[in-house]
Amino acid sequence: MSGRQSGRPTLEQVAARAGVGRGTVSRVINGSPRVSERTRTVVARAVAELGYVPNQAARALAGSRTDAIALVIPEAEARLFAEPYFLDLMRGVGAELAEADKQLLLTLVRSERERRRFEQYLAAQRVDGVLLASVHGDDPLPDRVRDLGLPVVMNGRRTEAEPVPYVDSDNIGAGRAAVAHLAGRGRSRVATVTGPLDMYVARARLGGYRAGLAEAGLPPDEALVEAGDFTEEGGRRAMRLLLDRRPDLDAVFAASDVMAAGARGVLREAGRRVPEDVALVGVDDSPVARLMDPPLTSVRQPIEEMGRSMARMLLQDIARAPEEPRRHVLPTELVVRASS
């Protein structure tokens with residue numbers, strides 16, 4: 001059989017000929033140091049036999065860069081531009097990349113079809129690396145990006161044992177600090193509105209809430225726990241359910257300022273005064289917290305600095321691939337205002 005085939009050879013055919021995975025072939029043609037010399041030789045032989053030399057591979061083998069970085073957020077436009085968190089994150093990422101003369105490409109991935117199309121875009125070597133935000137636990141995109149041989153850094157993580165490099169904040173500490181503050185103010189029936197529990201950030205803040213209750217000597221009560229979705233309407237919906245189950249609650253820890261704003265609206269409609277009847281604490285220390293009536297006590301996480309740290313880590317990984325995935329967790333800080 002002739003080594004060359006009719007038609008344009010594919011990456012999959014090269015991988016099959018070399019007896020390796022598609023991602024390994026991508027790493028070889030991208031010049032990644034995370035490939036053994038033997039594997040590199042086998043893949044190079046398969047490339048030569050099949051005549052697989054696409055333009056993007058030629059550019060990569062020549063050591064050229066696109067000077068473009070993709071920031072991927074799997075959310076709808078309405079949420080992206082309504083929540084201060086994403087705007088602060090983009091500000092930090094953009095500032096760091098601008099200092100490095102890199103172009104920022106903002107990409108929204110809201111469906112399986114869009115995810116597949118984005119993977120095809122990455123396979124064409126259009127960017128040098130990828131930043132991922134708001135990733136849910138079952139999202140395969142971080143692993144797919146790595147399989148394509150591209151450096152990737154996540155904002156947050158999917159699990160405690162996340163294998164992909166990430167920058168996160170101390171979300172467990174955020175929940176513990178909020179509950180310790182509320183218990184210190186004499187509150188004993190402390191409820192929480194969580195984020196979506198398929199996200200590690202939400203589970204971590206819930207874990208911090210439970211740890212805070214234990215440290216304060218307060219009994220756990222699942223009737224005081226309700227899941228939200230990090231939106232204002234999600235906060236409203238969760239707050240109504242909590243009041244229906246436990247009308248005697250005297251404090252609420254909402255896992256974001258935006259959800260706290262929704263909860264605040266429902267408490268007002270129910271005739272509950274904040275903080276006299278129900279104390280309220282959020283997370284993010286966003287403009288939402290400062291503009292609420294009364295101003296919201298909130299756990300500050302350094303969102304803009306997280307964006308900068310993500311971009312710095314990615315640029316370092318592009319320049320020189322690390323031997324082990326790197327992890328960076330930034331501290332949080334309780335900012336006390338009139339709501340508690």
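Side-chain atoms are counted along with the backbone in the values below, which use heavy atoms only and exclude waters and symmetry mates.
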Check your understanding: What's the verdict on side chain to side chain contact (heavy atoms under 4.5 Å, CB included) for Arg327 and Arg157, showing C-alpha distance, side-chain angles and the deciding distance?
Key -> CA-CA 10 Å; Arg327 303 168 178 88; Arg157 42 188 148 161; over 6 Å; no
Is [X] salt-bridged to [Y], cutoff N-O under 4.0 Å?
X	Y	result
Arg115	Glu112	yes
Arg246	Glu226	no
Glu232	Arg264	no
Arg185	Asp250	no
Asp285	Arg300	yes

Exercise for review: Please lay out, stage by stage, how Tyr121 and Thr107 fare under the test side chain to side chain contact (heavy atoms under 4.5 Å, CB included).
Suggested key: CA-CA 11 Å; Tyr121 181 84; Thr107 303; over 6 Å; no
**Study point:** Steps toward side chain to side chain contact (heavy atoms under 4.5 Å, CB included) verdict (Val179, Glu215)
**Key:** CA-CA 9 Å; Val179 175; Glu215 290 163 4; over 6 Å; no
Please examine the side chains of [Y] and [X], heavy atoms only from C-beta on, and report whether any two atoms are closer than 4.5 Å.
X	Y	answer
Pro142	Val135	yes
Leu242	Val193	yes
Phe253	Val283	yes
Arg203	Leu206	no
Val190	Tyr209	yes
Asp170	Pro331	no
Val145	Leu122	yes
Glu83	Thr231	yes

Point to revise | Qualifying residue for side chain to side chain contact (heavy atoms under 4.5 Å, CB included) with Ile69, from Val127, Leu131, Val153, Val130 | key: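 The side chain to side chain contact (heavy atoms under 4.5 Å, CB included) with Ile69 is passed solely by Leu131 among Val127, Leu131, Val153, Val130.
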Exercise for review: May I have the step-by-step check of side chain to side chain contact (heavy atoms under 4.5 Å, CB included) for Glu305 and Val167, ending in yes or no?
Suggested key: CA-CA 10 Å; Glu305 178 54 32; Val167 175; over 6 Å; no
How close do [X] and [Y] get, counting heavy atoms only, and between which atoms?
X	Y	result
Met313	Pro165	SD-CB, 4.1 Å
Ala311	Val93	CB-O, 4.2 Å
Leu150	Asp128	CD2-O, 3.9 Å
Val329	Ser169	CG1-C, 3.7 Å
Asp139	Arg158	O-NH1, 3.0 Å
Leu330	Ser309	CD1-OG, 4.4 Å

Closer than 3.5 angstrom, by distance alone: can the side chain of [X] be matched with the main-chain N or O of [Y] as a donor-acceptor pair?
X	Y	answer
Arg144	Arg116	no
Arg272	Val278	no
Asp257	Ser286	yes
Ser134	Ile73	no
Ser339	Thr297	yes
Glu162	Val164	yes
Arg187	Val252	no

Hphob cluster co-occupancy, [X] + [Y], side-chain heavy atoms under 4.5 angstrom:
X	Y	answer
Phe230	Phe86	no
Leu87	Leu291	no
Leu267	Leu296	yes
Leu334	Ile172	no
Val281	Val266	yes

Exercise for review: Run the numbers on Glu222 and Arg245 for salt bridge (Lys or Arg N to Asp or Glu O under 4.0 Å), then give the verdict.
Suggested key: CA-CA 10 Å; Glu222 290 304 306; Arg245 288 200 302 264; over 6 Å; no
Could you tell me the separation between the [atom1] atom of [X] and the [atom2] atom of [Y], rounded to the nearest 0.5 Å?
X	Y	atom1	atom2	value
Glu119	Asp147	CD	CG	9.0 Å
Leu89	Met306	CG	CE	6.5 Å
Thr192	Arg210	OG1	CZ	9.0 Å
His328	Arg312	NE2	CZ	7.0 Å
Leu148	Arg146	CG	CZ	12.0 Å
Leu132	Met154	CG	CE	6.5 Å

Review point. Using a distance-only test with no angle check, is there a side-chain donor-acceptor pair under 3.5 angstrom linking Thr41 and Arg38?
Key: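 No, Arg38 and Thr41 have no side-chain donor paired with an acceptor closer than 3.5 Å.
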Review point. Does any donor atom in the side chain of His181 or Ser340 lie under 3.5 Å from an acceptor atom in the other side chain?
Key: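 Yes, because at least one side-chain N or O of His181 sits under 3.5 Å from a partner of the opposite role on Ser340.
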Practice item. Before giving the answer on salt bridge (Lys or Arg N to Asp or Glu O under 4.0 Å), spell out for Asp221 and Arg189 the whole-Å C-alpha distance, their side-chain angles and the decisive distance to 0.1 Å. Key: CA-CA 9 Å; Asp221 183 350; Arg189 297 175 297 280; over 6 Å; no
